[in-house]
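Atoms considered below: every heavy atom in the structure, side chains included; atoms not considered: hydrogens, waters and symmetry mates. Chain naming here is simple, since letters A, B, ... match the order of the sequence lines and numbering starts at 1 in each.
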Protein chains: 2
Amino acid sequence: MKIGKLAQLAQCTVETVRYYEREGLLAAPARTAGNFRLYGAAHIERLRFIRNCRALDMSHDEIRNLLALADRPAEGCGAVNAVFDQHIVHVDERIRELAQLKEQLSALRQRCAGEQAVDTCGILQGLAAMETEARHERHTHLG
Amino acid sequence: MKIGKLAQLAQCTVETVRYYEREGLLAAPARTAGNFRLYGAAHIERLRFIRNCRALDMSHDEIRNLLALADRPAEGCGAVNAVFDQHIVHVDERIRELAQLKEQLSALRQRCAGEQAVDTCGILQGLAAMETEARHERHTHLG
DNA sequence: GTACAACCTGAAGTTACTATAGAGAAAAGT
DNA sequence: ACTTTTCTCTATAGTAACTTCAGGTTGTAC
Ligand SMILES: [Zn+2]
Ligand SMILES: [Zn+2]
Ligand SMILES: [Zn+2]
Ligand SMILES: [Zn+2]
């Protein structure tokens with residue numbers, strides 16, 4: 001099958017497929033005489049695995065890790081579980097960050113009741129008066 | 001004051017200040033005879049406003065919007081409130097996405113009890129068997 | 001035989017910065 | 001006055017995970 005069909009089966013674009021090949025996530029397939037990529041069942045499986053991981057917001061590094069581990073079927077899955085657990089931590093941390101953000105935003109929002117003049121708007125005043133904090137290093141690959 | 005002092009007062013790096021100037025968020029200041037940027041009180045205020053917005057994860061577009069509105073102090077703040085509300089929606093939507101993600105991740109995690117062989121690991125099997133869904137367009141600027 | 005879809009490569013754009021190199025200006029030390 | 005250190009300048013490239021574009025080739029349908 002050619003790249004268009006593969007992309008359709010994996011619910012992504014052909015550009016994404018070629019990108020994954022460049023990134024080393026998907027092995028380069030055989031080519032036709034006319035230089036078109038030719039994929040088989042194994043490629044579908046692999047690409048769907050990747051897209052499923054991406055649907056769970058894993059990074060390419062995490063996915064590369066899982067793929068490498070999956071290629072050693074006889075070994076124990078402890079490392080797989082570790083990668084997965086670590087990603088759950090990433091999601092957890094981002095949720096906590098965003099929840100705290102939402103609290104700050106809600107508090108600010110309450111400072112403007114309705115239609116006032118811009119220079120008396122409680123939101124703008126609040127944004128100007130906030131304690132400027134140092135940028136927090138981001139510890140996850142999520143937003 | 002020169003750029004280093006300004007950056008220090010706004011809790012960011014000098015590179016970030018120069019970047020904001022290139023991006024049109026911060027107006028280009030006067031220069032010394034030796035070509036060094038010279039900032040005043042208005043610049044501090046502006047930069048701290050920007051950094052506070054960034055601490056709330058607003059995008060540069062959103063901040064540009066707010067700055068433009070703040071520069072018309074006589075007008076009503078309805079547009080300000082709208083930008084702000086829209087950003088709260090961004091945060092809300094991302095929180096909902098991540099909460100749903102976490103459910104999926106937790107369910108998958110339960111499929112592997114302990115140390116099994118990789119090819120029988122419930123997590124990997126689950127990742128391979130997931131219903132591949134079309135990529136969801138992202139409706140927010142939050143990762 | 002010619003239109004058109006699908007495919008090819010390579011490069012640039014996206015976001016909000018960070019990092020580096022190489023050079024000049026100012027401040028501090030002696 | 002001279003040296004050393006620190007600060008600043010510009011320009012360029014890198015990050016993540018793609019998307020978009022330009023310009024060209026192949027395959028298929030009529
Ligand atoms: Zn992760
Ligand atoms: Zn208001
Ligand atoms: Zn927003
Ligand atoms: Zn397992």
Side-chain angles (χ1 to χ4, degrees), chain A residues 1-26 28-39 43 47 50-65 67 87 90 94 134-143, chain B residues 1-26 28-39 43 47 50-65 67 87 90 94 134-143:
Chain A
M1 99 196 354
K2 283 182 292 186
I3 198 171
K5 190 72 192 303
L6 178 71
Q8 185 190 339
L9 289 177
Q11 302 269 48
C12 67
T13 68
V14 301
E15 288 83 10
T16 300
V17 176
R18 287 195 283 248
Y19 172 63
Y20 287 166
E21 184 181 320
R22 280 201 305 280
E23 285 295 290
L25 287 176
L26 199 58
R31 300 283 184 125
T32 67
N35 200 31
F36 286 15
R37 289 171 179 84
L38 266 190
Y39 297 97
H43 289 102
L47 180 53
I50 296 169
R51 290 308 293 172
N52 289 340
C53 288
R54 286 295 301 138
L56 297 171
D57 261 7
M58 292 185 201
S59 70
H60 282 187
D61 267 358
E62 287 169 332
I63 297 171
R64 241 185 297 272
N65 255 322
L67 288 172
H87 181 60
H90 296 157
R94 186 58 176 153
R135 67 211 152 88
H136 40 305
E137 329 136 16
R138 61 175 47 90
H139 19 260
T140 93
H141 56 88
L142 295 174
Chain B
M1 94 194 355
K2 284 182 293 186
I3 198 170
K5 190 75 192 306
L6 177 72
Q8 186 190 339
L9 289 177
Q11 302 268 48
C12 68
T13 69
V14 301
E15 287 83 11
T16 300
V17 176
R18 287 194 284 249
Y19 172 63
Y20 286 167
E21 184 182 322
R22 280 202 304 283
E23 286 294 291
L25 288 176
L26 198 59
R31 300 283 184 126
T32 68
N35 201 32
F36 287 14
R37 290 170 179 83
L38 267 190
Y39 296 97
H43 289 102
L47 180 54
I50 296 169
R51 291 307 295 172
N52 289 341
C53 288
R54 286 294 303 139
L56 297 172
D57 260 8
M58 292 186 201
S59 70
H60 283 188
D61 266 358
E62 286 168 334
I63 298 171
R64 238 186 299 271
N65 255 320
L67 287 172
H87 181 60
H90 296 157
R94 186 57 176 153
R135 69 207 149 90
H136 38 307
E137 326 134 19
R138 62 175 50 90
H139 20 261
T140 97
H141 54 89
L142 296 174

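- Computed from coordinates, the B/E62 CD to C/dT15 C1' distance equals 13 Å when rounded to whole Å.
- Partners of B/R37 according to the side chain to side chain donor-acceptor pair (under 3.5 Å) rule, which considers only residues two or more places apart in sequence or in another chain, are B/E21.
- Among the nucleotides D/dT19, C/dA19, D/dA17, the one closest to the side chain of A/T13 is D/dT19.
- Looking at heavy-atom distances under 4.0 Å, A/R51 makes contact with sugar-phosphate atoms alone, never a base.
- The side chain to side chain donor-acceptor pair (under 3.5 Å) check on B/T140 picks up nothing, with sequence neighbours excluded.
- One can place CG of A/D61 at 7 Å from P of D/dA16, the figure rounded to the nearest angstrom.
- Between B/Q11 and B/R51 the shortest side-chain heavy-atom distance does not fall below 4.5 Å.
- In this structure, the side chains of B/M1 and B/L38 stay at 4.5 Å or more apart for every pair of heavy atoms.
- Here A/T32 does not reach the OP1 or OP2 of D/dT26: none of its side-chain N or O atoms lies under 4.0 Å away.
- Within residues 135-143 of chain B, no residue has any heavy atom under 4.0 Å from DNA chain C.
- Residue pairs that meet the salt bridge (charged side-chain N to carboxylate O under 4.0 Å, His left out) test with at least one member in residues 52-63 of chain A, sequence neighbours left out, are A/D57-B/R94, A/D61-A/R64.
- At least one side-chain heavy atom of B/C12 sits under 4.5 Å from a side-chain heavy atom of B/L47.
- Rounded to whole Å, atom C1' of C/dG10 lies 13 Å from atom CD of A/E15.
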Check the interface with nucleotides 6-13 of chain D: list each N/O to N/O pair with the protein under 3.5 Å, or write none.
residue : atom : partner : partner atom : Å
D/dT8   : OP1  : B/G4    : N            : 2.8
D/dC9   : OP1  : B/R37   : N            : 2.7
D/dC9   : OP1  : B/R37   : NH1          : 2.9
D/dC9   : OP2  : B/R18   : NH1          : 2.6
D/dC9   : OP2  : B/R37   : NH1          : 3.2
D/dC9   : O5'  : B/R37   : NH1          : 3.4
D/dC9   : O3'  : B/R31   : NH1          : 3.4
D/dT10  : OP1  : B/R31   : NH1          : 3.3
D/dT10  : OP1  : B/R31   : NH2          : 3.1
D/dT10  : OP2  : B/R37   : NH1          : 3.1
D/dT10  : OP2  : B/R37   : NH2          : 2.8

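- Taking atom CG on A/L6 and atom C1' on C/dC7, their separation rounds to 14 Å, with Å as the unit.
- B/H87 places a side-chain N or O within donor-acceptor distance of the main-chain N or O of B/L56, the cut-off being under 3.5 Å.
- Residues A/T16 and B/R135 fail the side-chain proximity criterion, which asks for heavy atoms closer than 4.5 Å.
- Applying the side chain to side chain donor-acceptor pair (under 3.5 Å) test to A/Y39 and every residue at least two apart in sequence or in another chain returns nothing.
- Looking at the side chain of B/H60, the nearest of the listed nucleotides D/dT19, D/dA17, C/dC17 is C/dC17.
- Taking only side-chain atoms of B/Y19, from C-beta outward, the nucleotide of C/dC17, C/dA26, D/dC18 with the closest atom is C/dC17.
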